[in-house]
Amino acid sequence: MTKESPVEKIKKESRGLRGNLAVEVKNNITLGMTEDSAQLMKLHGTYLQDDRDTRQRRAEKKLENLYSFMIRLRIPAGVVSSKQWRIIDEISSKYANDTIKITTRQTVQYHGVFKHKLKPTFQEAYKKAGLDAIAACGDVNRNVIATSCVWNKSVFDEVVRLSTEISETFLPKTNAYHEIWLDGEQVNPATEKDDLYKDAYLPRKFKIAIAVPPLNDVDVYAHDVGLIAIIENGNIAGYNITVGGGLGTTHGNEKTYARLGSEIGFVTPENIIPILRGILEIQRDNGNREDRKQARLKYTIDHLSLQWFIDELKSRSDIELEQVRFYKFTSRVEKYGFEKSSDGFNYYTMFVEGGRLRGKQKEATREIAKTVDCQFVMTCNQNLVFTQILAEELPQFRKILEKYRIEETQNNLTQTRKSSIACVAMPTCPLALAEAERYLPSLIEKIDEMMLLKDLTAQQRDIDIRMTGCPNGCGRPYLAEIGFIGKSAGRYNMLLGGSKDGSRLNKIYKENLNEEEILSNLSELFDEYKNSTLSFGEFTYNKFFKNV
Amino acid sequence: MLNTQKLKELLNNLNNQEQIWLYGYLDGTLAQNVESQVLPQISVKFTKVGILFVTETGNSKKIAQELSAYIKKHLNIVSKIYNAQTFKPKQLKQEEYLFVIASTHGEGEVPEAGKTLFDFLSTTDEQFNNISYAVLALGDSSYPLYCKAGLDFHELFTKKKAIPLLQPKLIDENLTGVNEWFEEVAKVIGGGAPCFADGDRVKRGGEPSEQGGATQMGKVEFEAKVIENICLSDVGSNKAVHHIAFETDGVHYECGDALSVVPITNDGKTHTPRLYSIASSPQYHLGEIHLLVARIDDGVCSNYLAELPLDAKIECKISRNNLFKLPENDRNVIMIGAGTGLAPFRGFLFERQVIGATGKNWLFFGEQKSTTDFYYQTELQELLADGTITNLSLAFSRDSDQKVYVQHKMMGQAKEFFTWIEAGAILYVCGAKDPMSRDVENTLLEIIAVQSGKGEDFAKEYLNNMIDNDRYKKDVY
């Protein structure tokens, strides 16, 4: 028998995710933590990282690496109030690196939170804004994401409600977070019972996304489970279910691959929770617990077959799946600027490059949070939507946009830039092999310039470009029209042929390119693309992969 | 006839110990010769001589012990040695003769150990016209306010109507002239020239004695070459603390000693030397001396040192600190250092590691931020991992809203702390005199009072005992 992954032991011996965290968080001899504790910290929504830019300098100063934590809040569907945003912003300045990263999982990530700032961060987020980070990372169901369909208030409210219900239903049943971070009452772990996760939780992370056509901003096929809302007569009739999506791969490991979710049927809203419970149980009991690189649901399904999975789900949930129903995605990128919702509210979509709010743009959000009573919706494209703006507060809202030149700046950006996604990568992500968030803007500038020089039309100049520093897929590069996946410093695999609606994976076009090579390849491609009426993804797919 | 009134007064002036001594003395003398003239002998033998030392590095203490031995040998008088730090002002009146041996600290300051006495003499209305006294003032003539503290004490006693027996004697750091002063002292007590046997003089000067000590005062200047100069404070720190390593072949020093450095500046001004506690271990860092220097905006010497390029050479000498030495190998030690006060303890720890000392080591260190101000972090982590450091207690005052300092860390582990002390641990404190060393001392008293369950007065006595037994050592500035 193969040996269980060491992470399994850590989870099982953690006494409900408590481990030795309470002691280690107080240990100021190191800014870091032991490996076991760092593993457990994931289930408390954090990753131990270090500032890789300063490693050399600090070693010379006889200092250890500058360890800090990335904290990912749990915000189902990415919706918070103005009041909550004020706290989110305040915490970022007080305890993190004074920036807010809006992630592709529709939540706030804080970076650079030192160990001794963890507790104040968690406390203020919870006590002042009612937010926590439970299960935002780790081998559990993570933050539930949903299309930012603010244009239809009743549908939006329903998917936000469902996201919240799913998130809360599938939280680990442990008081650990409250005890360790919030000074909550001590509960004997032996008295806690977690029917779903038991003591070993899931074999690997688990992601659920809800999509509301025609916008596929969530990239619904990229997740372990996708729920595609079927709108009939203006209401949600139910959801088509997809299973086994997942993008992460490992360089050089041919057993790993990106996989789109398979649509297995339709269920009505009241059956969603039982169906999800069944899927989670199947994965819990059948997922690979020896090799973490084969542990996602996509591998479980492929190893045991999709039909086996469907049968098993039926027997576990006792719910008959109906035939999938019709829907159509037309886009993955939200419309920027002002729009009006079905119920007459104004909303505004702001582009946030790389999802990183800092400086003036961050100040603008702070001022909005302080003076306009609205909803803040983080999108899966790392942008920010302000919705539910009352007519009487609209002038104030516009004033702030003008003051910080938000609208003006945004209008001057190219569509390609506004569709781009980059993960964090360097300097804090320990997995990063190359730059992403810090580098993509300058590369896009060069690509934009080239497209203009080559007289591409406005429509042709709308290309979805995504870059990640490693093959794990946080920025969903496998679904981009042009994906860049970091291989080593300054070098990327270039992937082409993704579709605009996110229903087709791209494929590796060339490996290990530096910037010069990237640009010369694109230059050649654009020369030919100029004469095409297709999107760049379709064009490259037809040219390179269709008949392979 | 015996004047009973006078006898009463005399007895009243004796403390308990002295009365017991007197009882024994009379008993013994009477037993030998019931007819002997007892009283006149008492009046001679009962000359009460106190020797009070105010010390910074242990030189004054050593001289006090030597003077006491000298008086015993030549005049057969048993004197009492007082440490100014634990001396109670009311004890002053018990002495007929008082010999004050006072060193000077830094720019003409009274050492920490003498502050209480100094403040008392400066403010009291009492007069001491029945005390005869003389002062031996120690100093370093390269400083402008040479021997200032001793001279201040001399002046204070004069003001309080005490009778000066001798002009204050100024002693430079090579200690020349101490023997002569001993002779003068013996003369004024004995009322005549004591006779010395040939070769009976206490050895003085630069010859190092085997035991080290006051006679080994370093005076040899040497050149040291910079081989490392690193700002340990990371980006974002409010400080600029440098680790500076010098190559110093053949220079003898011990952990706890300081390096005396004379800064050289372009403006041609001559500067007084500055002392830096040595941060290295001669056994571990062979042929090297390390300093931990906090760069201060207007600090002439710290700026001079911090800007030294590699291969630059400085003029310096070892300044011994005999009061700040490691104990026997199996003894446990508690080290409390804030800021650059960490320096000597780094030396201690590496020394204890390399010689395989079996005593346990508990290090307290305090600074502002754990992210930027944790000097020698990786080294200390290794010393902890290999067991050299038994306990490592760190106080970073700006890590949280509650300003946590070293004394809070002591208090947080009061029980274990007291257990260590009770088991005989030596306690070292290094860093800023104010407020760090005072806060530490107050906390120490509180820990002793509470943990012993015997209250404040007991704690004071306990601490005084520790001082008298060389178990509470301070190197503060």
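The chains referred to below are lettered A, B, ... by the order of the sequence lines, with proteins before strands, and numbering in each begins at 1.
- Between B/F396 and A/F114, the distance separating the two ring centers is not shorter than 6.0 angstrom.
- In this structure, A/K11 pairs ionically with A/E8, as a charged nitrogen and a carboxylate oxygen lie closer than 4.0 Å.
- Distance check: A/D132 CG to A/L73 CG gives 8.0 Å after rounding to the nearest 0.5 Å.
- Qualifying salt bridge (charged side-chain N to carboxylate O under 4.0 Å, His left out) partners for A/R356, counting only residues two or more places apart in sequence or in other chains: A/E437.
- Contacts between B/L384 and chain A at a heavy-atom distance below 4.5 Å involve the side chain alone, from C-beta outward.
- Residue contact with chain A, scored on non-hydrogen atoms closer than 4.5 Å, involves the side chain of B/I230 exclusively.
- In the displayed structure, A/Y126 atom OH is contacted under 6.0 Å by at most 12 heavy atoms of other residues, nucleotides or ligands.
- Checked against side chain to side chain contact (heavy atoms under 4.5 Å, CB included), A/A489 has no partners two or more places apart in sequence or in another chain.
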All inter-chain donor-acceptor pairs under 3.5 Å (chain A, chain B):
unit_1, atom_1, unit_2, atom_2, d
A/N28, ND2, B/L394, O, 2.8
A/I29, O, B/Q377, NE2, 3.4
A/I29, O, B/Q381, NE2, 2.9
A/R57, NE, B/D234, OD1, 2.8
A/R57, NH2, B/D234, OD1, 2.9
A/R57, NH2, B/D234, OD2, 3.2
A/R58, NH1, B/D234, OD2, 2.7
A/R58, NH1, B/T371, O, 2.7
A/R58, NH2, B/T371, O, 3.3
A/K61, NZ, B/C231, O, 2.6
A/K61, NZ, B/S233, O, 2.9
A/K62, O, B/Q377, N, 3.1
A/K62, O, B/T378, N, 3.0
A/K62, O, B/T378, OG1, 3.2
A/K62, NZ, B/E379, OE2, 3.2
A/E64, N, B/Q377, OE1, 3.0
A/E64, OE1, B/Q381, NE2, 2.9
A/E64, OE2, B/Q377, NE2, 3.1
A/H116, NE2, B/D399, OD1, 3.3
A/K117, NZ, B/D399, O, 2.9

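- Applying the salt bridge (charged side-chain N to carboxylate O under 4.0 Å, His left out) test to A/R105 and every residue at least two apart in sequence or in another chain returns nothing.
- Of the two parts of A/L63, the backbone and the side chain both hold a non-hydrogen atom closer than 4.5 Å to a non-hydrogen atom of chain B.
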